[in-house]
Amino acid sequence: MHSITITQFLLEEQRKEGNVTGEFTLLLNDIVTACKRISCAVNKGALVGTMGSLDSENIQGETQKQLDVITNDIFLEANQWAGYIAGMASEEMDDPYDIPEKYKQDGKYLLLFDPLDGSSNVNVNISVGTIFSILRSPEGVSHPKAADFLQPGTSQVCAGYALYGSSTMLVLTTGRGVNGFTLDREVGEFYLTNPEMQIPSDTQEFAINMSNQRFWDAPVQRYVSECLQGEQGVRGKDFNMRWVASMVAEVHRILIRGGLFMYPIDSKLRDKGGKLRLMYEANPMSMIVEQAGGASSTGFERILDMVPNALHQRVPVIMGSKNEVEVLVSYHKK
Ligand code: AHG
Ligand code: MN
Ligand code: MN
């Protein structure tokens with residue numbers, strides 16, 4: 001029987017650190033509430049008529065789905081009122097969201113999020129997720145600007161994701177390992193089901209969008225072709241491949257059974273710097289992956305060490321089982 005709720009788990013973790021205010025637990029509780037609401041919104045599917053696209057585009061020039069906007073609003077609403085958060089930024093908003101004056105209480109934290117990751121999958125009933133990252137708000141800043149959010153991934157105090165799959169899960173780290181919780185819908189609580197998640201260091205499974213192959217650079221060409229050669233090739237083993245097109249689902253699979261996830265730079269993406277966004281996709285996922293014993297790199301540098309230059313900055317991403325990340329990084333050095 002799984003009996004430890006996420007709230008109990010977080011409070012006990014805080015006590016171990018001698019932090020008895022419970023403030024951080026309360027902050028996370030609001031995020032948990034937002035994820036439960038998003039889980040319901042996504043789960044209702046076509047019943048509530050929110051499966052379509054809108055006429056609007058986000059700052060990245062992507063057509064917004066109805067649910068991109070609905071889930072963004074859910075996150076803002078759930079997290080703005082308690083006074084812990086000084087500002088929020090998201091994939092779906094050009095600029096940071098300023099907390100309304102009536103709720104302002106010198107919040108200590110900044111919250112970044114991708115409210116609906118993998119949203120191209122939402123109307124085909126394939127897993128989607130929410131990704132979030134928590135940073136400290138710089139001292140004395142009451143109306144955080146984009147520049148205040150531009151802290152390296154190593155400064156994150158917490159990172160997590162919710163996966164709306166065959167069950168809804170919340171996976172998070174506060175820098176002391178990675179723990180997974182499963183939503184019991186009848187009770188309405190997340191229970192600890194996957195304590196101390198660890199990514200196996202070796203794997204025979206990789207994930208990449210193969211349709212971009214003709215645009216890839218030499219190191220990725222070499223890596224994938226060697227995987228495809230299987231047992232007869234230089235790697236001496238057969239590889240399996242997966243591509244869900246939801247980073248959350250992809251990383252979750254890797255946390256459970258290992259694997260390598262790649263959204264590398266390619267000639268088509270060169271001007272943009274990559275596909276995935278650093279602040280609310282690559283950084284939180286990198287923190288989770290590293291905390292679970294995996295590795296995360298652009299191919300040339302550790303993602304968590306990058307000094308961000310823009311809120312919606314994009315980066316190449318190579319993450320997952322440590323030994324496999326090392327192989328591909330070594331090909332970038334040659
Ligand atoms: P989002 O839905 O938040 O824009 O993110 C989608 C991302 C990521 O989740 C996924 O790995 C990737 O885009 C899929 O890209 P392709 O459609 O190019 O495969
Ligand atoms: Mn995303
Ligand atoms: Mn998204």
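Numbering of ligands and ligand atoms starts at 1, following listing order.
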| message | Does the residue Asn121 have a heavy-atom contact with ligand 1, meaning some pair of atoms that are separated by less than 4.0 Å? | response | no
| task | Mark the output for Glu250 as yes if a heavy-atom distance to ligand 1 is under 4.0 Å, and as no if none is. | result | no
| Criterion side chain to side chain contact (heavy atoms under 4.5 Å, CB included) against Pro264, the qualifying member of Ile208, Val224, Asn212, Val317 | Ile208
| said: As a test of understanding, state which of Arg214, Glu226, Gln213 forms a side chain to side chain contact (heavy atoms under 4.5 Å, CB included) with Gln221. | reply: Gln213
With a cut-off of 4.0 Å, which atoms of ligand 1 are near a heavy atom of [X]?
X: Met247; result: 8 (C), 9 (O), 10 (C), 11 (O)
X: Asn209; result: 16 (P), 18 (O), 19 (O)
X: Leu116; result: 2 (O), 3 (O)
X: Glu281; result: 3 (O), 5 (O)
X: Glu62; result: 4 (O)
X: Asp114; result: 3 (O)
X: Gly118; result: 1 (P), 2 (O), 3 (O), 5 (O), 6 (C), 9 (O)
X: Leu276; result: 7 (C), 8 (C)

In terms of residue, atom name and distance, what is the protein heavy atom nearest to [atom]?
atom: atom 17 (O) of ligand 1; value: Lys275 NZ, 4.2 Å
atom: atom 10 (C) of ligand 1; value: Ala245 O, 3.6 Å
atom: atom 5 (O) of ligand 1; value: Asp117 OD1, 3.2 Å
atom: atom 18 (O) of ligand 1; value: Tyr263 OH, 2.5 Å

| task | Determine, using the 4.5 Å side-chain heavy-atom cutoff (strictly less than), whether Met197 and Leu260 are members of one ILVMFWY cluster. | result | yes
| field | Contact check: Ser246 vs ligand 1, nitrogen or oxygen atoms, below 3.5 angstrom | value | no
| Does Glu281 bring an N, O or S atom to under 2.8 Å of the Mn ion (ligand 2)? | yes
| field | Asp117 atom (N/O/S) at minimal separation from the Mn ion (ligand 2) | value | OD1
| said: Under a 3.5 Å cutoff, is there a donor and acceptor pairing between the side chains of Asn323 and Asp202? | reply: yes
| field | Donor on one side chain, acceptor on other, Tyr280 and Asp117, under 3.5 Å | value | no
Any donor-acceptor N/O pair, [X] side chain to [Y] backbone, under 3.5 Å:
X: Ser321; Y: Pro200; answer: yes
X: Lys36; Y: Gly188; answer: yes
X: Gln204; Y: Phe239; answer: no

| task | Could you see which bit of Ser119 sits under 4.0 Å from ligand 1, with heavy atoms only: side chain, backbone, both or neither? | result | both
| query | Is Gly118 close enough to the Mn ion (ligand 3) to have an N, O or S atom under 2.8 Å? | reply | no
| said: When you measure from the Mn ion (ligand 3) to the N, O or S atoms of Asp114, does any of those distances fall below 2.8 Å? | reply: yes
| said: For a salt bridge (charged side-chain N to carboxylate O under 4.0 Å, His left out) check, start with the C-alpha distance between Lys104 and Glu101, then their side-chain angles and the critical distance, and finish with the verdict. | reply: CA-CA 5 Å; Lys104 275 222 168 282; Glu101 218 46 59; over 6 Å; no
| Pick one: which of Phe132, Phe149, Phe24, Tyr84 meets ring-ring contact (aromatic ring centres under 6.0 Å, His included) with Tyr109? | Phe24
| said: For atom 4 (O) of ligand 1, tell me which residue out of Gln64, Glu92, Gln60, Arg277 has the closest non-hydrogen atom. | reply: Arg277
| Contacts of type side-chain contact (heavy atoms from CB on, under 4.5 Å), residue Glu62, not counting sequence neighbours | Asn58, Gln60, Glu91, Arg277, Arg314
| query | Between Arg37 and Asp73, does at least one N-O distance fall below 4.0 Å, as a salt bridge requires? | reply | no
| Should the pair Arg235-Glu324 be classified as a salt bridge under the 4.0 Å nitrogen-to-oxygen rule? | yes
